[in-house]
There are 2 protein chains.
Amino acid sequence: MTKKKKAPTSWDVARLAGVSRSTVSFVLNNTPGIKISEETRRRVLEAVKALDYKPNAIARSLAKQKTEAIAFFVLDIANPVFPNMARGIEDVARQNGYTLFLCNTDGKTLREVRYMNIMLERRVDGIIAGALSNEEVSKIAQKKNIPLVILEHPRLPEHDVVYADNVKGSYEAVMHFVELGHKRIAHITINPESIIVQERIEGYKKALEDAGIPFDDNLLKIFYDKVDEEKAINELFSLPDPPTAIFTFSDFMAIQVMKILIRRGYRIPEDVSVIGFDDTLANLTIPALTTVSQPFYEMGAKAAEILIERLKNPNMPIQHIKLPTKLVIRESTAKRR
Amino acid sequence: MTKKKKAPTSWDVARLAGVSRSTVSFVLNNTPGIKISEETRRRVLEAVKALDYKPNAIARSLAKQKTEAIAFFVLDIANPVFPNMARGIEDVARQNGYTLFLCNTDGKTLREVRYMNIMLERRVDGIIAGALSNEEVSKIAQKKNIPLVILEHPRLPEHDVVYADNVKGSYEAVMHFVELGHKRIAHITINPESIIVQERIEGYKKALEDAGIPFDDNLLKIFYDKVDEEKAINELFSLPDPPTAIFTFSDFMAIQVMKILIRRGYRIPEDVSVIGFDDTLANLTIPALTTVSQPFYEMGAKAAEILIERLKNPNMPIQHIKLPTKLVIRESTAKRR
DNA sequence: TTGTAAGCGTTATCAG
DNA sequence: CTGATAACGCTTACAA
């Protein structure tokens with residue numbers, strides 16, 4: 001390894017080209033309203049190439065008072081619902097000259113706040129949060145006047161938010177069961193502290209209602225702490241009139257449910273139909289899982305678009321955008337026997 | 001929204017505390033070798049809190065000539081083998097005060113080079129690359145003297161690299177088949193341009209050899225372009241002596257194989273045993289897939305550790321670190337009938 | 001059209 | 001122990 005020699009600066013370029021530093025800046029940035037003679041431009045560009053000069057973005061950020069960097073706060077990138085979101089964000093960020101910081105928060109407020117401070121110190125231009133544990137981050141963002149767009153939740157009126165149509169997604173899943181002749185339709189879900197869960201339940205109930213099926217509290221299994229599919233199945237199938245169809249909060253839960261059911265000798269979909277949510281894993285299971293597909297990539301992309309738009313136009317009205325979900329019918333659902 | 005007012009600077013803090021700007025810097029950084037009176041320190045800290053002052057990391061980076069930021073070049077974060085790696089990297093980066101840029105390259109050299117330039121402009125302290133399409137990035141890194149650690153591939157001697165023990169992983173998978181009595185063991189894999197594929201084939205052959213099973217070229221299915229599991233199965237099972245066990249390059253391929261087999265009426269594992277590689281999706285299938293688990297998280301974490309170590313000590317000898325894989329036996333493998 | 005010089009917000013050197 | 005002051009590398013009026 002050679003001795004670490006410092007990177008060339010615009011000064012070096014200017015000297016080599018025989019011009020001033022501002023001239024270098026002008027040609028490199030194509031500064032509007034400034035005309036540079038062809039000859040000068042050529043000399044500068046040549047010097048840039050000769051020195052393999054890379055402008056120092058740090059210095060530029062300091063001078064321009066913006067970094068063209070944004071941060072993605074994510075619960076956990078290793079959770080399969082997030083990578084596609086991240087990809088959507090990164091794609092549009094990159095296409096617009098922005099660069100992306102990845103921040104895993106594990107849904108812990110402390111971590112969120114810490115990362116918030118770090119990103120504030122780094123002077124990112126804006127933040128996209130894939131779910132927030134509470135309003136702390138929002139408060140800081142407002143106080144510091146930094147744009148924050150929220151994915152899914154919470155739906156704060158002070159910020160742009162992009163979310164999926166959970167009510168309709170849920171509704172369509174249950175309606176699919178109804179059309180297949182099912183009447184005993186269970187829903188297994190997680191802690192309804194989050195609006196997402198509430199909307200899913202809302203869609204579930206609305207579909208039942210529209211189908212003329214009375215809501216049965218015994219068929220709605222909510223887990224406030226850790227989801228225990230085994231327990232849910234136990235209780236569900238010791239009912240006098242057990243379900244013939246099960247709708248879960250996620251693909252992951254649906255897979256657990258299928259495994260338990262198969263282990264107990266039920267056939268899917270002949271004996272029990274199952275629908276998941278997300279479409280992250282649904283195509284991989286055997287039998288392939290019918291599920292409600294969420295537009296994760298589009299959600300990320302849209303969030304990034306809105307953020308970048310807001311950076312250009314801070315006074316644009318707040319946007320709350322609902323993206324459609326789609327029922328994807330595969331092999332885990334069939335006519336009620 | 002209030003009018004965008006500028007963030008407070010160390011100057012504001014200094015003025016409020018009635019001290020100089022350097023004093024502020026000293027107390028905030030606990031600059032070693034500098035003693036500050038309790039009284040002064042208290043006043044400064046109070047002013048910091050009163051103004052909700054956040055030091056400008058951009059200005060600091062410019063002055064210190066380092067950013068405490070690193071970049072992760074990844075083929076595609078939406079590919080399930082990478083999120084855990086990213087998590088490993090981010091965890092150790094964060095714990096060491098570094099911040100992570102996420103860069104999807106799609107394995108395209110052009111994109112890699114572009115991102116390389118961007119990250120060079122942003123003066124990141126170092127780069128971790130999760131697979132590189134060729135040596136372009138390496139050349140740039142060497143030229144610019146910026147630390148680059150490579151995950152898996154290519155195994156360039158000029159850089160630190162962290163990789164999984166593919167030979168052993170492959171060997172153990174095949175040996176597991178052997179122990180179950182299988183003699184006709186197929187391997188379906190992708191384009192062997194990459195060392196990873198070569199090592200897997202090496203392990204496959206070595207296990208056969210150690211088991212005294214002659215290598216049969218008909219059982220090794222290599223796809224130079226797109227993998228076509230359907231075709232592989234067709235050819236494999238029209239052999240006079242078809243395989244009773246199939247080892248694939250990835251979990252994803254194993255799942256496709258299982259689906260095809262099941263569709264054709266084979267039972268798994270009764271009729272055909274299957275082993276995958278990665279352990280990203282293996283737990284989702286029914287039957288659950290036996291697979292070679294890769295230490296993705298650890299690989300990411302280790303890469304980040306090495307990078308940070310090298311940042312502290314640039315002259316440390318180059319490290320090539322091989323991490324162990326682990327055979328995880330689940331339900332897709334059984335004794336040969 | 002090109003050059004000069006004043007920031008941008010820190011850190012770090014050096015007197016006091 | 002504290003306070004000036006010079007970098008750090010770029011942008012951007014303002015002059016020329």
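Just so it is clear, the model here is predicted, and its values are computed rather than measured. Naming: A, B, ... by sequence-line order, numbering from 1 per chain. No hydrogens, no waters, no symmetry mates; every other heavy atom, side chains included, goes into these values.
- Between the CG atom of Asp12(B) and the C1' atom of dC8(C) there is a distance of 13 Å, given to the nearest Å.
- In this structure, NZ on Lys54(B) lies 14.5 Å from CZ on Arg122(A), to the nearest 0.5 angstrom.
- Nucleic acid contact for Val19(A): sugar-phosphate only, since backbone atoms but no base atoms lie under 4.0 Å from a heavy atom of the residue.
- Atom CZ of Arg43(B) is separated from atom C1' of dC1(D) by 13 Å (rounded to the nearest Å).
- Map Ala59(A) and Lys35(B) each onto its nearest nucleotide of DNA chain D; the residue landing nearer the 5' end is Lys35(B).
- The distance between atom CZ of Arg15(B) and atom C1' of dG9(C), rounded to the nearest whole Å, is 14 Å.
- Distance Trp11(B) CH2 to dG7(C) C1': 15 Å, rounded to the nearest Å.
- In this structure, CG of Leu28(A) is placed 8 Å from P of dT11(D), rounded to the nearest angstrom.
- Rounded to whole Å, the distance from CZ on Arg60(A) to P on dC10(D) is 9 Å.
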Distances under 3.5 Å between nitrogen or oxygen atoms of protein and nucleotides 12-16 of chain C:
none

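- Checked against the 6.0 Å centroid threshold, Phe101(A) and Phe72(A) do not count as a close aromatic pair.
- A salt bridge links Arg94(A) with Asp91(A): the distance from a Lys NZ or Arg NE/NH1/NH2 to an Asp or Glu carboxylate oxygen falls below 4.0 Å.
- Only one option out of Val13(B), Leu28(B), Ile36(B) pairs with Thr23(B) in a side-chain contact (heavy atoms from CB on, under 4.5 Å); it is Ile36(B).
- Side chain to side chain, Ser138(A) and Glu158(A) fail the donor-acceptor criterion of an N or O pair below 3.5 Å.
- Distances shorter than 4.0 Å separate none of the side-chain N or O atoms of Ser61(B) from OP1 or OP2 on dC8(D).
- Atom CG of Leu120(A) and atom C1' of dG9(C) are 15 Å apart (whole Å).
- Each of Gln142(A), Glu135(A), His320(A), Lys139(A) was checked for a side-chain contact (heavy atoms from CB on, under 4.5 Å) with Leu156(A), and the lone residue meeting it is Glu135(A).
- Both Thr40(B) and Arg123(B) lie near DNA chain D, and the one whose nearest nucleotide falls closer to the 5' end is Thr40(B).
- When the side-chain nitrogen and oxygen atoms of Gln65(B) are compared with OP1 and OP2 of dA7(D), none of them lie within a distance under 4.0 Å.
- Ion pairing of Glu46(B) with Arg43(B) is absent here, as no side-chain N (NZ or NE/NH1/NH2) approaches a carboxylate O to less than 4.0 Å.
- Across the protein-nucleic acid pair, Lys66(A) atom NZ and dT11(D) atom P stand 12 Å apart, rounded to whole Å.
- In this model, the phosphate group of dG3(D) is approached by a side-chain N or O of Ser20(B) to a distance below 4.0 Å at OP1 or OP2.
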